[in-house]
Amino acid sequence: MATFDGQIAAVAAHLEDLRARGRSTRAFAAPSSVTALGEGLPIRVGSGATANVILRTDTFVELGSPDAGSCAFVLWTDTPSLVRDGRITLVGPDIPEVPGGSLPFGQVLTVGGVDLGAEDHQSVEQAQFVADQVEGYMVRSSSRNVWSRVSKDAAARGFCFETLGRALMLLCKSSLPEVQAVEVAFVTSGREDLLRLEDVAREVHERGSELVKAHWKAKGFDLDCDFDCRSCEEKKVCDYIRDVAGVRKKTRKAAAGRPVQGRRQARH
Amino acid sequence: MGMDKKPLKDRALERYKKERDWFAFLLQAVDMMVTPEMKLQAKLLRILLDSKQAVVDCVEQEKPFIAGYFCSAPEIFNAMNLPWFMLMETPFLAASAPYILEDIQGAEDMGLGTDLCTAIRLPIYYIESGMMPVPTAVIGLLSPCDGTTMLNQVLQHNKAWRDVPLFCADPPYTSDERATQYYAVELRRMVSFLEQHTGRTLDMSRLREVCEESNRTYKLWQEYNELRRAVPSPHGWEIGGAQAFAISQCFVAGDPRCTDWFRQLVECGEIRVREGRGANDRVKEKIRLLWFDIMPYGWIYEFMPWLEEEWGAVIVMDMFSNFPYTLIDTSSEESIFLGLARRNLMEVPMIRQARGTAENFSSDIVRLVKDYKIDCVIWPGHMGHKDGSATAGIMRETCRKLGVPFLHIGLDLFDKRYTSVDEVKDRVSQFFTGMGLG
Amino acid sequence: MDTEGRAKAFEEFAGAAGAIMNPAVAAWKAQGGRVVGYFCSHVPTEVLTAAGLLPFRMRGTGSTGTELADAFFSNINCSFVRNTFNLALQGDYDFLDGLVCVSSCDHVRRVYDNWKRNLGTPFLRIISLPKKVEDAQVGWYRDEVAILREAVEKHFEVTISDERLREAIRLHNRTRRLQRELYELRKKEAPPLTGAETLAVMVAGTAMPRQHYNEALEALLERLRGANGQRDYRARLMIVGGELDDPRYLEVIEEQGGLVVTDAVCFGSKAMWNLVDEEASDPSEALARYYIQGQPSCPRMHGDQPRRAAFLMDMVRDFRVDGVVGERMMFCDLWCVEHYMNDLDLKEAGVPFIRLDREYNASAKGQLRTRIQAFLETMGK
């Protein structure tokens with residue numbers, strides 16, 4: 001499905017344009033497999049990796065605050081060849097270069113998988129919200145965009161955008177088995193450099209809403225909301241309350257132990 | 001009542017002064033406490049007292065003041081230097097009103113249905129009984145519920161209030177750009193109304209200052225709410241939750257005292273997070289709870305401490321502590337009004353969830369459960385929240401998908417006779433036990 | 001009119017009011033016609049008619065319980081909504097091709113949210129109804145009417161020209177005029193029809209193809225104009241309230257001798273007392289003005305209580321009403337407070353008033369009888 005192929009090309013063109021205009025541009029090559037992605041990272045990745053919040057005084061750098069600017073979205077395609085698997089592009093300063101700073105933050109996740117379709121859109125979209133799954137990296141609760149902090153501790157251990165990129169790839173591939181290729185781009189060079197991405201983000205959001213509506217329209221339902229309980233796999237009424245409690249207990253036990261990679265994200 | 005023979009003005013002020021005096025008494029007690037959190041409570045009480053005293057002064061000195069609401073752009077009231085009070089103040093401060101049950105009975109005796117929200121019945125009772133100060137003008141509310149819409153109509157019907165100018169901004173049901181634009185125009189009409197009837201004018205540079213101060217406050221509030229994501233949460237029901245909302249919206253919107261309060265709140269919270277201290281120093285946090293409604297102000301002291309002490313259940317987040325706000329763009333007059341429209345139509349609590357379609361009931365739960373590591377969600381099911389209770393099924397399904405237990409109780413947040421506190425405790429205990437929590 | 005003739009005259013109307021599906025709707029569907037349900041008096045149904053659709057006002061008629069709906073609503077939600085939604089969950093509303101709601105009251109507006117998530121009705125809309133009655137709100141609602149119009153056109157693949165909309169307005173106004181004439185007959189000392197019969201006729205008007213209904217109503221009026229009326233009653237009553245679609249409720253009242261000669265209820269006079277401007281250059285604006293400022297409003301419309309009160313008093317005067325019965329569905333905040341104010345106004349005017357809370361399914365008939373008997377006696381009737 002060529003739903004976002006145009007936007008994929010647009011982002012690539014924008015990054016190239018920034019490079020041509022003299023913005024500092026770096027590319028990193030990350031491995032493809034989930035196992036390899038997790039090797040050698042300076043921080044833990046997985047459920048419960050970040051035990052707690054990162055306080056202001058423990059913040060090494062802030063990314064994407066409302067003052068600095070933020071734009072984050074996910075693109076997907078069923079033509080994996082359009083996605084340069086493992087490629088991490090950074091336009092602008094890297095995390096270790098701006099201690100105490102507040103950077104504008106553009107983050108584009110591009111994922112490819114032959115089996116990806118409209119029904120995966122919401123799950124794929126959720127992949128960018130990593131909650132507490134990257135140690136030393138906290139995505140703040142209240143913003144629609146990605147507004148995040150990197151802790152001093154993580155920075156001291158070498159946390160940089162390559163780390164973050166690999167973490168995002170690892171989480172994406174382990175939670176969405178249909179994903180075969182992931183590419184990540186970060187833009188921190190300036191608020192004005194996010195403007196073109198914001199245009200793309202708007203298109204993606206509109207197209208995403210249409211996809212969900214069309215998906216359900218094909219089933220005979222007319223939605224004006226892309227949150228639909230009928231997409232949930234666990235819709236059956238649970239008669240056994242203790243089963244629910246049991247599942248909950250197991251989940252919490254697992255989270256309290258070593259970080260578990262590859263845990264499937266809840267589909268919403 | 002013996003008050004009947006006194007002039008309306010005096011009668012109306014008598015009850016208001018009683019409430020003020022109660023808080024003054026409470027402040028004396030709180031002032032003697034030394035913890036940083038108690039010092040914050042004391043500060044909040046001082047601000048509350050100042051706002052109440054301002055109203056008293058206006059009545060006695062016949063200066064303009066208004067009745068308004070937290071969701072009617074109080075930044076504008078502040079910018080116009082208009083002291084204001086909320087028509088529903090007493091039920092929200094019910095914990096401090098020992099006569100509240102008597103008043104509820106009075107409302108029933110007056111013929112108001114017992115299925116009408118207590119928070120609506122009480123102000124109607126006070127208005128009809130002449131126990132509420134008559135302001136220069138009223139900014140009424142038409143959302144989130146039927147009750148608030150009817151309250152304004154009683155005002156217009158009441159002989160003593162009939163000639164008090166009343167304006168209500170019309171709330172569209174949708175939440176798109178068109179709705180924001182429409183509401184921004186309604187807010188401008190509100191300003192014209194206030195200028196006409198109070199003699200005060202709105203200076204846009206003053207409004208800009210107030211909004212910028214409000215933004216500073218809100219940034220700190222946002223920072224503070226991040227702290228509550230910590231495990232254990234540094235604070236529970238007693239501080240930082242609903243008080244954050246009260247001080248930023250009800251008492252001193254866009255005021256440096258408010259920003260100062262939040263600054264100290266953040267500092268308190270950071271210390272506790274750093275030290276790994278939970279909300280209750282005596283009891284370990286075992287259950288992280290989302291209380292998805294107003295606090296049970298009518299019986300809060302009988303219930304909330306019990307939750308923590310008995311179960312280690314900490315209210316990490318509640319509907320009024322939630323921070324979905326966007327900062328107001330103060331670059332132009334238009335952007336300020338649009339920002340205020342957005343805030344008051346789509347972001348302030350209860351209006352956010354209950355005004356329009358039910359999406360925010362579910363989307364807020366999803367975000368809060370994930371971000372705050374919530375173990376269970378309680379929808380108290382206040383008897384006045386008819387639309388919310390009609391959304392209980394949606395909330396339940398949302399929680400089921402999240403794998404988080406959900407409890408719908410059915411109670412009156414202000415009248416403990418509706419569902420006794422013991423019964424509520426029993427229901428909650430059964431819920432926690434049944435879900436394997438705590 | 002003899003008893004048999006009377007029964008026959010009202011038969012079709014009573015049948016339509018006494019069930020959800022009726023022969024006229026069945027025939028409409030059989031011919032390929034489409035039906036769109038709607039909640040509330042403020043929905044601009046002319047738009048649906050102009051699209052060639054049959055607007056069908058939602059009811060819970062025939063519902064025997066709310067077990068299914070109670071999984072979504074709660075016991076503090078109005079029984080009208082729960083019973084209606086229960087019927088929908090059972091499949092009784094599967095014949096609908098669409099549903100249009102307005103943001104009316106706290107209970108009804110949540111039907112939209114629950115319907116959306118649980119039922120597969122292809123066309124589902126909620127219109128943002130203002131809460132004030134000023135010109136600015138007419139402007140907003142005009143745009144909402146236009147948006148609805150576009151959505152209907154797109155979904156049902158029809159064109160709603162201004163001329164078609166005007167035609168629909170004229171057709172609906174014809175209905176209103178005929179219904180108004182029916183009410184005028186009740187001003188007589190001996191009204192030729194009861195309140196229960198009137199309500200059946202009014203409810204039927206929301207459940208039948210418009211042209212067919214108008215013809216049937218014209219035929220009924222023909223029979224009633226010269227008919228002998230009812231003299232055997234103790235008092236002339238007016239019923240005021242919101243959702244009341246069950247003639248049996250009025251039958252119980254009238255069995256006690258209180259003849260219901262007029263009303264101000266959603267299915268009654270409020271639906272037809274005034275007319276939409278047929279001459280307006282912008283029919284969408286004409287509809288908006290009617291539904292916001294024209295028709296007697298719902299209590300949810302702020303600022304309009306004086307006009308509603310005046311309407312009530314005019315009715316009392318014009319129909320020579322002896323006493324007013326204020327009915328309210330339990331948990332309806334709007335009518336709780338509206339009746340509180342009605343009580344004060346009517347007391348001041350010296351008009352006896354009784355407030356009756358009820359559930360949708362008229363189960364507590366004994367209690368109702370007793371209260372009406374007592375009311376009549378207190379009036380000295």
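The chains referred to below are lettered A, B, ... by the order of the sequence lines, with proteins before strands, and numbering in each begins at 1.
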task = Check whether B:Leu166 gets within reach of chain C through its side chain, its backbone, both or neither, counting any heavy atom under 4.5 Å.
result = side chain
ask   = How far does CG of C:Asn118 sit from CD1 of B:Ile394, to the nearest 0.5 angstrom?
value = 7.5 Å
message = As an exercise: rank B:Gly384, B:Ala358, B:Gly388, B:Ala179 by heavy-atom pairs under 4.5 Å with chain C and give me the winner.
response = B:Ala358
message = Heavy-atom pairs under 4.5 Å with chain B: which of C:Glu144, C:Arg82, C:Glu134, C:His339 has the most?
response = C:Glu144
key: Residue pair C:Lys131 / B:Cys145: nearest heavy atoms and the distance that separates them   = NZ-O, 4.1 Å
ask   = Side chain, backbone, both or neither: which part of C:Met301 has an atom under 4.5 Å from a heavy atom of chain B?
value = backbone
key: Side chain / backbone / both / neither for B:Met395 at chain C, heavy atoms under 4.5 Å   = neither
request  = Counting only heavy atoms closer than 4.5 Å, note whether B:Arg178 contacts chain C via side chain, backbone, both or neither.
outcome  = both
message = Pair B:Met383, C:Phe331 - check side chain to side chain contact (heavy atoms under 4.5 Å, CB included), show working.
response = CA-CA 9 Å; B:Met383 49 75 79; C:Phe331 308 112; over 6 Å; no
query = B:Arg162 versus chain C, heavy atoms under 4.5 Å apart: side chain, backbone, both or neither?
reply = neither
inquiry  = Suppose a student defines contact as a heavy atom less than 4.5 Å from any heavy atom of chain C. Which residues in residues 180-190 of chain B would they list?
reply    = B:Tyr182, B:Glu186, B:Arg189
query = If you count heavy-atom pairs under 4.5 Å between each of B:Gly356, B:Gly140, B:Pro171 and chain C, which one has the most?
reply = B:Gly356
inquiry  = Looking at C:Arg328 and B:Asp115, is any side-chain nitrogen of the basic one under 4.0 Å from a carboxylate oxygen of the acidic one?
reply    = yes
message = So does C:Pro130 get a backbone contact from the side chain of B:Asp170, meaning a donor-acceptor N/O pair under 3.5 Å?
response = no
task = State, to 0.1 Å, how close C:Ser74 and B:His408 come at their nearest heavy-atom pair, and which atoms those are.
result = CB-CE1, 3.7 Å
Heavy-atom pair count under 4.5 Å with chain C, highest-scoring of B:Pro144, B:Gly410, B:Gly381, B:Cys168 = B:Cys168
ask   = For B:Ala390, does its backbone N or O pair with a side-chain atom of C:Asn114 as donor and acceptor, under 3.5 Å?
value = yes
query = Would you say the side-chain atoms of C:Asp333 pair up with the backbone N or O of B:Asp146, donor to acceptor, closer than 3.5 Å?
reply = no
query = When you check the side-chain N and O atoms of C:Arg300 and B:Gln153, is any donor under 3.5 Å from an acceptor?
reply = no
request  = May I ask you to check whether over 12 heavy atoms, not counting those of C:Glu67, lie within 6.0 Å of atom CD?
outcome  = yes
Side chain, backbone, both or neither of C:Asp143 within contact of chain B (heavy atoms, under 4.5 Å) = both
inquiry  = Counting only non-hydrogen atoms closer than 4.5 Å, does B:Ile124 touch chain C with its backbone (N, CA, C, O), its side chain (CB onward), both, or neither?
reply    = side chain
task = Indicate yes or no for a side-chain donor-acceptor contact from B:Arg396 to the backbone of C:Phe72 under 3.5 Å, with no hydrogens or angles considered.
result = no
request  = Quick one: pull up NZ in B:Lys159 and CG in C:Leu344 and give me the separation to the nearest 0.5 Å.
outcome  = 7.5 Å
query = Just wondering, do B:Thr357 and C:Tyr112 contact through their side chains at under 4.5 Å, heavy atoms?
reply = yes
note = Ranking B:Cys117, B:Pro172, B:Gly147 by heavy-atom pairs under 4.5 Å to chain C gives rank one to B:Pro172
query = Using non-hydrogen atoms only, which part of C:Cys332 is less than 4.5 Å away from chain B: side chain, backbone, both, or neither?
reply = backbone
inquiry  = Check whether C:Arg109 reaches the backbone of B:Tyr173 with its side chain - one donor and one acceptor, N or O, closer than 3.5 Å.
reply    = no
ask   = Would C:Asp345 and B:His157 satisfy side chain to side chain donor-acceptor pair (under 3.5 Å), going step by step from the backbone distance to the final call?
value = CA-CA 9 Å; C:Asp345 292 342; B:His157 188 264; 2.6 Å; yes
query = If we only count heavy atoms from C-beta on, is the B:Met150 to C:His302 side-chain gap below 4.5 Å?
reply = no
key: Pi-cation contact, B:Phe167 with C:Lys132 (under 6.0 Å, within 45°)   = yes
Leading residue by heavy atom contact count with chain B [cutoff under 4.5 Å; candidates C:Ser103, C:Cys336, C:Ala136] = C:Ser103
Value rounded to 0.5 Å, distance of CG in C:Asp106 from OG1 in B:Thr391 = 9.5 Å
query = Side chains of C:Phe73 and B:Ser389: closer than 4.5 Å at any heavy-atom pair?
reply = no
query = Which heavy atom of B:Ser362 sits nearest a heavy atom of C:Arg117, and at what distance?
reply = OG-NH2, 4.3 Å
inquiry  = Tell me the closest heavy-atom pair linking C:Ile76 and B:Lys386, and the distance in Å.
reply    = O-CD, 3.4 Å
